[in-house]
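Notes follow once the structure below has been shown.
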Amino acid sequence: MCGIVGYVGSEQAAPILLDGLARLEYRGYDSAGIAVVSPRHELQVKKTVGRLRALSDLVHGGADVEGTIGMGHTRWATHGAPNDVNSHPHVSENGKFAVIHNGIIENYVELKEFLISQGVTFRSETDTEVVAQLLEFYYNECGDFFESVGRVLRRIEGAYALGMLCADCPDRIIAARKDAPLLLGFGEGCSFLASDATAIIKHTRDVVYMDDGEIAVLTRGGIQLYNAMQQPIEKEHHHIEWEVSAAEKGGYPHFMLKEIMEQPDALRHAIAPRLRGGEIVFDDLKLTPEKIRGFDRIFIVACGSSYHVGMVGKYNLEHLLRRSVEVALASEFRYSDPIVDDKTLVIIISQSGETLDTMAALREAKKRGAYILSIVNVVGSSIARESDDVLYTWAGPEIAVATTKAYSTQLAVLDMVGLCFAKLLGTVKEEEYADAVRELALLPDKVKETLGHCEDIQKYAAQHFHHESVFFIGRNLDYALGLEGSLKLKEISYIHSEAYASGELKHGTISLIEDGTLVIALGTYGPLFDKAMSNVIEVKARGADVLALTTESHRNEMAKTVDHVLTIPDTAAMLLPSLGVVPLQLFSYYIALQRGCDIDKPRNLAKSVTVE
Ligand code: M6R
């Protein structure tokens with residue numbers, strides 16, 4: 001979604017802003033712009049629709065905009081078409097104020113009408129422009145930038161991460177946050193603003209995450225934070241641990257491929273510190289055994305692939321804990337009047353920790369008394385900070401829009417939560433627990449082994465990339481796995497695909513199967529292998545071209561019926577999707593490659609969905 005970067009220091013701002021924006025490209029955008037205050041205290045605003053390259057060309061890599069303080073923005077259109085005028089920064093009528101904004105100003109129509117009635121002329125169709133115009137309006141009243149910001153914040157409703165410049169105060173950027181991520185970076189004689197640490201990590205690792213209602217004033221001499229009452233506050237600083245190289249391609253053609261290949265290491269980071277002497281130990285969990293025993297309802301709430309992790313988790317946690325687990329899409333849960341009280345555990349799953357629907361679901365559950373345990377990748381993100389308990393996945397920065405290593409590590413952590421709670425509740429057999437823990441320790445190596453089948457998968461992708469419709473079928477854990485395989489394929493290759501529970505085929509879907517239809521048959525789950533085979537036979541009989549995925553021990557059996565078989569190593573049943581997802585990720589990747597798609601930045605999608 002939209003990206004923000006700001007800089008005030010002694011170096012030329014424009015190249016720093018362009019570099020920061022380039023590092024935010026992965027979030028998805030359709031236009032970009034920068035505002036830099038010139039040495040003569042004039043606001044220079046340059047913006048354009050399209051890729052960053054166009055913006056960089058427009059300003060000759062930054063050479064055309066002199067100045068050591070500025071802000072940059074990548075826009076993902078919500079209000080108003082993607083075009084030059086609607087791009088950020090937005091400037092007030094007298095050209096004195098520039099504003100960049102992530103989020104949505106919900107009462108912008110009312111504010112716009114008010115300002116028009118006061119004689120203000122608007123240029124764009126955006127909600128953001130009202131912030132710039134309101135700033136000018138209040139500045140005309142009070143003559144003070146900071147006070148004007150306070151007045152604006154008291155009038156606007158909705159979600160915002162704001163960066164604001166005033167030509168009359170050329171030494172400062174003012175930032176404000178509500179329901180949209182924003183962090184501050186502290187440098188030597190310089191200060192930074194960013195929606196995502198990736199934009200500024202090259203310059204500083206010393207950051208403060210802004211909370212809702214906070215305002216910050218960034219100058220060369222440092223950053224002063226204020227609460228919503230505009231009183232000065234002090235906040236804890238965080239040190240970003242990961243390396244700059246983690247957010248670079250490192251020789252791979254795409255971030256997605258790099259992140260697929262990083263999965264063995266990512267899983268090692270997520271699992272190894274939590275395994276000790278054959279036991280699962282969560283040093284980072286605050287939940288007490290009494291509290292765990294007291295839960296009578298469990299929800300898993302998430303969006304997209306994180307929701308698919310929850311679908312696998314439902315099967316595994318219900319089996320392990322012998323209690324019902326409901327999986328809910330965050331966008332539905334938040335408006336569903338959910339049956340949640342103080343005996344409910346709500347497990348929130350999110351890579352970014354900033355997904356707006358997931359955040360809203362968390363708040364809804366919290367309001368109703370639930371205990372919130374979140375599984376999050378981005379350290380210090382909003383979801384992590386608002387949860388009662390957080391388990392980090394330690395996958396490192398994930399840049400490609402299509403999630404891979406975050407999915408795998410979320411799944412491993414959720415499985416570990418299930419096993420840990422089951423041991424405590426006495427609902428899992430000793431042998432099953434011991435076997436799962438042993439296999440968890442082996443998972444990174446088994447994923448590595450699975451990645452070794454890359455060439456076969458590439459070959460199948462070359463045979464199948466022309467299909468316009470693909471079906472994933474499977475039962476139980478394989479059905480949940482199919483949901484993720486299908487999403488991966490459609491989001492990056494734009495091939496229509498659906499995942500079905502195999503048993504449902506004959507209730508309608510099988511009518512879609514005809515000669516040459518590509519069916520990806522998932523048959524990794526041993527207890528239902530025979531049932532899976534019956535469904536494979538059914539679709540084969542109707543002319544489907546079947547590519548099957550199974551375990552090594554079932555390869556021969558599967559190969560009797562289908563022509564193409566991919567395998568994963570055998571493991572504990574509950575961990576099969578953790579291995580099964582790897583060939584599906586690679587298959588989608590190579591199909592998208594064959595089709596010439598923009599793999600890391602698929603059309604219409606954003607990495608972090610911070611609007612509803
Ligand atoms: O950051 P989150 O895990 O909350 O994001 C949720 C979804 O937007 C995300 O998983 C999305 O579905 C991915 N593009 C899938 O690859």
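Numbering starts at 1 and runs along the sequence shown.
- When all heavy atoms of Ile105 and His101 are compared, the pair lying nearest together is CG1-CE1, 3.5 Å.
- Looking only at side-chain heavy atoms (C-beta outward), Arg172 and Leu218 stay at 4.5 Å or farther from each other.
- With Asp388 contributing its side chain and Tyr371 its backbone, the two residues share no donor-acceptor pair below 3.5 Å.
- A salt bridge is defined here as a Lys NZ or Arg NE, NH1 or NH2 lying under 4.0 Å from an Asp or Glu carboxylate O, and Asp30 with Lys601 fails to meet this definition.
- In this structure, Arg154 is not positioned above the aromatic face of Tyr138 in the sense of NZ or CZ being under 6.0 Å from the six-membered ring centre and within 45° of the axis.
- Note on Lys112 versus Glu129: no salt bridge recorded, every NZ/NE/NH1/NH2 to OD/OE distance being 4.0 Å or above.
- Scanning all heavy atoms of the two residues, the minimum distance from Ala270 to Val413 falls at CB-CG2, 4.2 Å.
- Here Phe192 and Phe186 keep their ring centres 6.0 angstrom or further from each other.
- Aromatic ring centroids of Phe97 and Tyr139 lie under 6.0 Å apart.
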Quiz item: Please walk me through it: do Asp196 and Thr198 pass side chain to side chain donor-acceptor pair (under 3.5 Å)?
Solution: CA-CA 5 Å; Asp196 178 329; Thr198 324; 2.4 Å; yes

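- Separation of the His254 and Tyr589 ring centroids falls under the 6.0 Å cut-off.
- For the pair Lys46 and Val65, the minimum side-chain heavy-atom distance is below 4.5 Å.
- Between Asp171 and Arg220 no salt bridge is recorded (no basic side-chain N to carboxylate O distance below 4.0 Å).
- Residues Ser306 and Gln410 have side chains that bring a donor and an acceptor to within less than 3.5 angstrom of each other.
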